[in-house]
Amino acid sequence: MKIRNQLAVGILSFFGILSQSCVSSSEGDSKFDHYPVYEGNDLGVTVRNDSSIFKLWAPEAEQVRLNIYESWDSEKPEQIRYLVPTEKGVWSVGIPGELYGKFYTFNVYEDERWLDETPGIWAKAVGPNGKRAAIIDFSTTNPEGWADDKGPETKNINDAIIYEMHHRDFSMHESSGIENKGKFLALTEQGTKSPDGLSTGIDHLKELGVTHVHILPSYDYNSVDELDSANIQYNWGYDPQNYNAPEGSYSTNPMDPAARVREMKEMVKSLHDNGIGVIMDVVYNHTAENDNSNFSLTVPGYFYRHNEDGSYSDASGCGNETASERKMMSDFIVNSVKYWAEEYHIDGFRFDLMGIHDIETMNRVAKELKQINPSIIIYGEGWTAGSSPLEAEKRALKENVSKLQGVAVFSDDIRDAVKGHYSDAKDRGFATGKIGNEETVKIGIVGATSHPQVDYEKGNNSKFAYASSPLQVINYVSCHDDLTLTDKLNISMAGSDEKERQRAAKLAQTIVFTSQGTPFMFAGEEIFRDKKGVHNSYKSPDSINAIDWSLKEQNSDLLEYYKGLIELRKSHPAFRMTSSDDIAANIVFDEGDDGFISYSLKNNANGDEWDEIKVLLNGSDDVVETKIEQGDWIVIAEDGRINPKGMGRKRGGKISIPHRSATILARK
Ligand code: CA
């Protein structure tokens with residue numbers, strides 16, 4: 001802990017902090033609880049009435065300096081101004097004129113030294129590599145028709161079908177036929193084709209039928225040099241730098257701070273015009289830098305959790321973790337997502353390592369976002385990558401999801417049970433013929449809610465029904481992390497041919513798309529995209545990560561199956577029940593067997609036109625013979641084919657389910 005000089009104590013007293021707490025060096029983090037809280041929404045720069053007002057919340061600072069630059073690369077500031085302390089820890093200075101086109105940074109002086117320059121934590125536009133904040137006129141960044149722009153209406157989160165993508169993965173490959181490869185603008189191009197003449201880009205998304213695109217981190221991150229576009233640089237972007245400005249390497253001109261803003265908005269507008277929502281992956285749980293992050297250069301220590309010895313605690317596995325239980329960090333997260341929702345019309349947020357954040361903050365996030373737009377959806381990873389000093393019961397962990405309102409968590413239960421454990425490449429799951437995963441798959445089918453026929457004691461990962469509603473669970477078998485589904489099948493089913501592996505892929509996704517909860521898929525798996533067996537491709541080159549669109553022609557049968565699954569789910573509310581009571585009342589499991597699960601969705605569940613839907617899942621290597629009630633059954637899916645409108649009839653009685661496949665039947 002730092003010892004402050006008399007000047008510091010004086011200024012801190014001005015801000016209303018108990019000087020006793022400021023000079024204490026032995027009470028750990030508790031001193032931060034005495035910092036004043038500023039609730040204004042004008043930190044950073046505000047241009048109005050022909051003046052530019054700069055504000056920085058820095059309650060510990062002894063002095064704060066503003067550097068105004070002519071351009072992003074001018075060596076020396078053209079103006080240096082000193083801010084004055086005002087209220088609640090905020091320093092401020094007003095400069096006559098609208099300084100559009102200029103750049104700025106702050107320096108904070110404390111403990112007898114000037115800290116490095118920082119754009120602050122509320123920079124909404126930045127120059128190359130996010131080093132300097134930029135003053136731009138946001139009204140000039142709106143695409144035509146922006147005032148009327150609106151994302152799709154999503155009544156409940158489980159009406160969404162989420163498609164997770166990285167900008168470069170989706171468009172970099174030559175076969176994409178897309179001009180603005182790896183850029184926000186890639187998703188504004190219509191009519192793009194693969195070499196086989198099949199649609200790519202946004203047209204492909206429409207053809208597939210997904211409702212939301214989940215884009216990997218798209219705020220300004222640290223690892224890609226935005227001024228070195230000649231070299232191939234790839235990163236997932238889980239190394240946040242400026243949370244409230246878009247990443248420059250995804251714009252066509254990182255040197256123009258308005259270009260990334262405008263182009264990201266054009267991307268959102270284009271997706272909205274095609275009926276698709278945009279979900280942002282947000283990583284408030286840690287920053288790329290420790291002492292040199294914008295948080296640390298503004299208010300050292302405050303925004304992070306620490307170990308008892310004063311070192312950074314590291315639940316993120318990336319060197320630090322933020323402290324959402326502190327009011328100004330909590331407010332930062334809430335105000336930041338609100339800003340993206342309002343300024344960029346973002347339709348949803350996926351919280352990286354959400355288990356680091358406290359429950360109260362996540363509930364505020366959901367409540368305040370829903371006030372802006374009730375269709376906004378929120379979900380996150382209900383776990384951490386290391387231990388945290390904040391008590392587990394306070395954190396937004398999977399096991400605490402019932403305490404969250406309007407926030408869902410990923411189900412690692414269904415993920416690992418269907419395809420095999422993520423950390424063991426060779427491990428198989430239900431869809432690849434490994435016995436013993438049946439009960440955990442059933443946990444997935446009922447959306448991790450309580451069900452009289454599901455025995456959580458037998459669950460592989462969770463031992464209790466953690467979700468109080470199916471709206472709290474995201475179902476998936478693959479995402480950007482770990483092996484792609486294709487690679488997982490290639491490795492765990494080594495020795496079998498591709499036809500067999502695609503049977504398993506179809507069965508795995510049938511489970512995801514027919515289960516209660518919200519389905520989530522990884523871009524390109526619908527055309528059997530792989531990543532050459534690289535499980536952590538966060539900085540692998542495009543040759544690993546880019547989707548080869550010639551696979552679309554090659555794997556058209558698989559794609560048709562995905563399209564059928566999506567159409568089935570969208571047209572039948574029985575797969576989208578909204579309460580655990582409905583699930584307990586309407587899902588009835590039949591007697592199963594090793595590698596075989598059979599259940600019915602009954603009673604025109606959730607207003608479905610079908611009285612009963614029977615889902616029979618055979619993950620085993622052999623045909624399963626079973627019996628179903630006599631009746632006029634429409635065949636929806638059988639032996640690796642699917643048609644939501646039906647493909648023939650069955651009268652019931654004895655039926656055979658081919659190996660590694662799903663049969664879906666329905667009757668009115
Ligand atoms: Ca960047």
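Predicted model, so just to flag it, every value in this text is computed and none were measured. Indexing begins at 1, ligand by ligand and atom by atom, following the structure's order.
Residue Lys131 places its NZ atom among 12 or fewer non-hydrogen atoms of other residues, nucleotides or ligands, all under 6.0 Å distant. Applying the 6.0 Å contact sphere to CD1 of Ile80 captures more than 12 heavy atoms from other residues, nucleotides or ligands.
When distances from the Ca ion (ligand 1) to the N, O or S atoms of Glu247 are compared, OE1 comes out shortest. The nearest N/O/S atom of Glu226 to the Ca ion (ligand 1) is OE2.
Ring geometry for His306 against Tyr312 counts as tilted: the plane angle lies between 30° and 60°, on a 0 to 90° scale.
When OD1 of Asp220 and O of Tyr221 are joined through the Ca ion (ligand 1), the resulting angle is 100° to the nearest 10°.
Taking the six-membered ring for Trp and the full ring otherwise, the centers of Tyr221 and Trp236 sit at least 6.0 Å from each other.
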